[in-house]
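Source: prediction; values computed, not measured. Note that ligands are numbered from 1 as they come in the structure, with each ligand's atoms numbered from 1 the same way.
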Amino acid sequence: MPSLKSLLLLATVCIPYAVSVDTDDHRWIAPGATDERSPCPGLNTLANHGYLPRNGKDISIPMILDAAKEGYNFAPDTAILAAAKFGLLSNSTATTTLNLDALKLHGLIESDASISRGDFALGDNLHFNETIFSTLANANPGVDYYNTTSAGQVQQERLAISLATNPNVTNTPKEITLRSNASAQYLMLMGNPITGVAPKKFVQIFFREERLPIAEGWKRSNVTINGTTMGVLSVAIQAASNWTVTQDCEPLVLGPMD
Ligand code: HEM
Ligand SMILES: *[C@@H]1O[C@H](CO)[C@@H](O)[C@H](O)[C@H]1NC(C)=O
Ligand SMILES: *[C@@H]1O[C@H](CO)[C@@H](O)[C@H](O)[C@H]1NC(C)=O
Ligand SMILES: *[C@@H]1O[C@H](CO)[C@@H](O)[C@H](O)[C@H]1NC(C)=O
Ligand SMILES: *[C@@H]1O[C@H](CO)[C@@H](O)[C@H](O)[C@H]1NC(C)=O
Ligand SMILES: *[C@@H]1O[C@H](CO)[C@@H](O)[C@H](O)[C@H]1NC(C)=O
Ligand SMILES: *[C@@H]1O[C@H](CO)[C@@H](O)[C@H](O)[C@H]1NC(C)=O
Ligand SMILES: *[C@@H]1O[C@H](CO)[C@@H](O)[C@H](O)[C@H]1NC(C)=O
Ligand SMILES: *[C@@H]1O[C@H](CO)[C@@H](O)[C@H](O)[C@H]1NC(C)=O
């Protein structure tokens, strides 16, 4: 029979190991070769931390809402519910779930002049691209944070690049709202959700690694982030982006039908 001392030794050696390695469902793990990811760093990060299925497949709307609340403290009205419902149109065969890869469907949610992905007509609209991201990485020089002003300037610069290089660029009122909402989301998630001031270090880790920078000091917001807050930031970002319409709205794009 083991001595009390050896049991205590086992307890001190084994229990912390078990807690940090075996039972921590939400540690970051890079996606494997067969795991699907999307053009959205927000959804990919949730999958990389196991708040969404790590394989990126068969994801329902309630699963997205729960993951956004649990991982980010985002309420459903932060455009998550709308985006998730809309995302179901990316695959009309699967009516109640979506796979992350299908969200790359151009013109549904995926659009041109993204801040971390290339334009569809120019090649890869799915994976993170450091060249595209350099506009955001180098924004707001001289300080260690991004804010609504710099987020708007990034959108203005990225759109100018797309207008200059992509002969098939789509730039309608739908895209500016999507872009400004997405920018509001990275500021709220990585920084102060009310002021929209976010440490550069956290934002860069989020985009480049699709990882929550917990080891670097990031904490999940202790107040639930809602759509009202997001709307205020989104409007400020759009104003700072000096956006002007170059096209009217495009018809809705749907995924493959049966
Ligand atoms: C959970 C909170 C979410 C956060 C923090 C978030 C954040 C972001 C950010 C920052 C971008 C901009 C990426 C870029 O321009 O390069 C983005 C794009 C995108 N998001 Fe999300 N998102 C969230 C939820 C969702 C949901 C629920 C859906 C749909 C099911 C979605 C679908 C997309 C898609 C398709 C894009 C690509 C748009 C593009 O072409 O730039 N996102 N998201
Ligand atoms: C669409 O959904 C069907 C049924 O779940 C699935 O077999 C197929 O792989 C999906 N296609 C895409 C592009 O996600
Ligand atoms: C070109 O733009 C149209 C919308 O204006 C879109 O339907 C189509 O998918 C785009 N094609 C490419 C290759 O970008
Ligand atoms: C990243 O984007 C740049 C600029 O559009 C492009 O030249 C480059 O080929 C892209 N890289 C990859 C790996 O797609
Ligand atoms: C964002 O930061 C820059 C650099 O500090 C500053 O000039 C600008 O006024 C800030 N914007 C807001 C809305 O505070
Ligand atoms: C929430 O976090 C903020 C910023 O870290 C802190 O000032 C505040 O006291 C916290 N509120 C609660 C209820 O924990
Ligand atoms: C949204 O969040 C803000 C800031 O935390 C809070 O003052 C407001 O009451 C919230 N609104 C709703 C409808 O929950
Ligand atoms: C952008 O966010 C606002 C405020 O939450 C919301 O009313 C609007 O529907 C969103 N637009 C898109 C295209 O997601
Ligand atoms: C805003 O856009 C207009 C036309 O689109 C341009 O003439 C003006 O120089 C821009 N202003 C800034 C500050 O970028």
| query | Who's the nearest protein heavy-atom neighbour of atom 11 (N) of ligand 7, and how far? | reply | N226 ND2, 2.9 Å
| field | Distance from atom 9 (O) of ligand 2 to nearest protein heavy atom, with residue and atom | value | N99 ND2, 4.1 Å
| task | May I ask you to decide whether E70 forms a salt bridge with R220, counting only side-chain N to carboxylate O separations under 4.0 Å? | result | no
| message | Checking contacts now, so for atom 7 (O) of ligand 7, which I'm interested in, is there any protein heavy atom under 4.0 Å? | response | no
| query | Taking atom types as modelled and ignoring hydrogens, do the side chains of N226 and T229 form a donor-acceptor contact shorter than 3.5 angstrom? | reply | yes
| message | Out of all atoms in ligand 2, which are within 4.0 Å of some heavy atom of A102? Include the element for each. | response | 14 (O)
| note | Nearest heavy-atom approach of L159 to A113 is CA-CB, 3.8 Å
| said: Regarding ligand 2, does N91 bring an N or O atom to under 3.5 Å of one of the ligand's N or O atoms? | reply: yes
| field | L136-L126 co-clustered via ILVMFWY side chain contacts under 4.5 Å | value | no
| request: Provide, to 0.1 Å, the distance between atom 5 (O) of ligand 8 and the closest protein heavy atom, together with that atom's residue and name. | output: G227 O, 3.5 Å
| query | Is atom 2 (O) of ligand 2 close to the protein, meaning a heavy atom under 4.0 Å from it? | reply | yes
| query | When you check the gap from the basic side-chain N to the acidic O, do K104 and E36 get nearer than 4.0 Å? | reply | no
| request: With heavy atoms under 4.0 Å as the rule, classify the contact between I194 and ligand 7 as side chain, backbone, both or neither. | output: side chain
| query | Can you list the atoms of ligand 8 that are under 4.0 Å from a heavy atom of N181? | reply | 1 (C), 2 (O), 3 (C), 8 (C), 10 (C), 11 (N), 12 (C), 14 (O)
| F207 and Y186 aromatic centres sub-6.0 Å | yes
| remark: Ranked by distance from atom 13 (C) of ligand 8, the top protein heavy atom is L178 CD2, 3.8 Å
| query | Are side-chain N/O atoms of D119 and S162 paired as donor and acceptor at under 3.5 Å? | reply | yes
| query | Which ligand 8 atoms, with their elements, are less than 4.0 angstrom from a heavy-atom of M230? | reply | 2 (O)
| request: Report the distance from atom CD1 of I176 to atom CZ of R179, rounding to the nearest 0.5 Å. | output: 5.5 Å
